[in-house]
Amino acid sequence: MSSTSRLTVLAGPTAVGKGTVAAWVREHHPDVWLSVSATTRKPRPTEVDGRHYHFVSNEEFGRMVDHDEFLEWATVHGRAQYGTPRGPVEAALAQGRPALLEIDLQGARQVRQTMPEALFVFLAPPSWDELVRRLVGRGTESAEEREVRLTTARAELAAAEEFDVTIVNDDVRRAADELVSLMRTPPQTKRD
Ligand code: 5GP
């Protein structure tokens, strides 16, 4: 693993806008390498295989777990499995590229065990009410699915203190720019 480049883990409660912030970074900061996770969940209509996720079967996901191909993996919201393929992350860091993982809290905790030198960033909503509004507004989940996600989100919000930095997602562009500028800060300035 290269010590000159930095891995950054972006986590936060469901519907806080992690995906939107990551999409902004992808669009506007091409020097940042974004990990593409594998997942067993079905694609949403706008999602492209290989770009937003690698959409895989349960069998394929299990095979990847068995072959230790994930840097971390988790079952999210008790439904689908998500994992970060290890090889591409290591290749990006070896090339000296700032690398970003947008993953859930369970995954962030796993990465902290194996790569404690990474920068851990918590994306927070401006308020709880705003988080609920965003989750309802997205309209991609059923009422039952939303309840599951809100339960997860309550626990996730309490985890902010485990992270090195909290960024409030009050505005996607501002939050993404703050994230990228943190990613470009030399590792030795990381808070202990
Ligand atoms: P969604 O289904 O809305 O795309 O994502 C659901 C949750 O899975 C989000 O909190 C997202 O951050 C998380 N997630 C996406 N990819 C990964 C991954 O590779 N590992 C883990 N642990 N969580 C992930």
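When a ligand or atom number is given, it counts from 1 through the structure's own listing order.
- Summarising the contacts of atom 20 (N) of ligand 1 with Glu72, His54, Lys18, Arg109, the nearest heavy atom is found in Glu72.
- Proximity to Ala74 (heavy-atom distance under 4.0 Å) selects the following atoms of ligand 1: 22 (N).
- Shown in contact with Arg41 at under 4.0 Å from a heavy atom are these atoms of ligand 1, numbered in order with element: 1 (P), 2 (O), 4 (O).
- Looking at heavy atoms from C-beta onward, His28 lies out of side-chain contact with Arg173 at the 4.5 angstrom threshold.
- Between Ser37 and ligand 1, at least one pair of N/O atoms sits closer than 3.5 Å.
- By the 4.5 Å heavy-atom criterion applied to side chains, His52 and Arg44 are not counted as neighbours.
- For the pair Met115 and Leu71, the minimum side-chain heavy-atom distance is below 4.5 Å.
- Counting heavy atoms from C-beta outward, Pro126 and Arg134 have side chains that approach closer than 4.5 Å.
- Not close to ligand 1: Gln106, with no non-hydrogen atom less than 4.0 angstrom away.
- The side-chain heavy atoms of Arg174 and Ile167, taken from C-beta on, include a pair separated by under 4.5 Å.
- In this structure, Gln81 and Trp73 have side chains that are in contact, with non-hydrogen atoms separated by less than 4.5 Å.
- Against a heavy-atom cut-off of under 4.0 Å, Gly107 is close to the following atoms of ligand 1: 22 (N).
- With a 4.5 Å cut-off on side-chain heavy atoms, Pro125 and Leu157 count as touching.
- Each of the atoms 1 (P), 2 (O), 3 (O), 4 (O) of ligand 1 lies under 4.0 Å from some heavy atom of Arg44.
- Distances from atom 22 (N) of ligand 1 to the heavy atoms of Ile103, Asp104, Leu105 put Asp104 nearest.
- Taking only nitrogen or oxygen atoms, main chain and side chain alike, Glu47 does not reach within less than 3.5 Å of ligand 1.
- Within the 4.0 Å heavy-atom cutoff, Tyr53 counts among the residues contacting ligand 1.
- Listed by number with element, the atoms of ligand 1 under 4.0 Å from a non-hydrogen atom of Val76 are 7 (C), 8 (O).
- Heavy-atom minimum distance, Tyr53 versus Glu47: CE1-OE2, 4.0 Å.
- Under a 4.0 Å heavy-atom criterion, Thr14 is not in contact with ligand 1.
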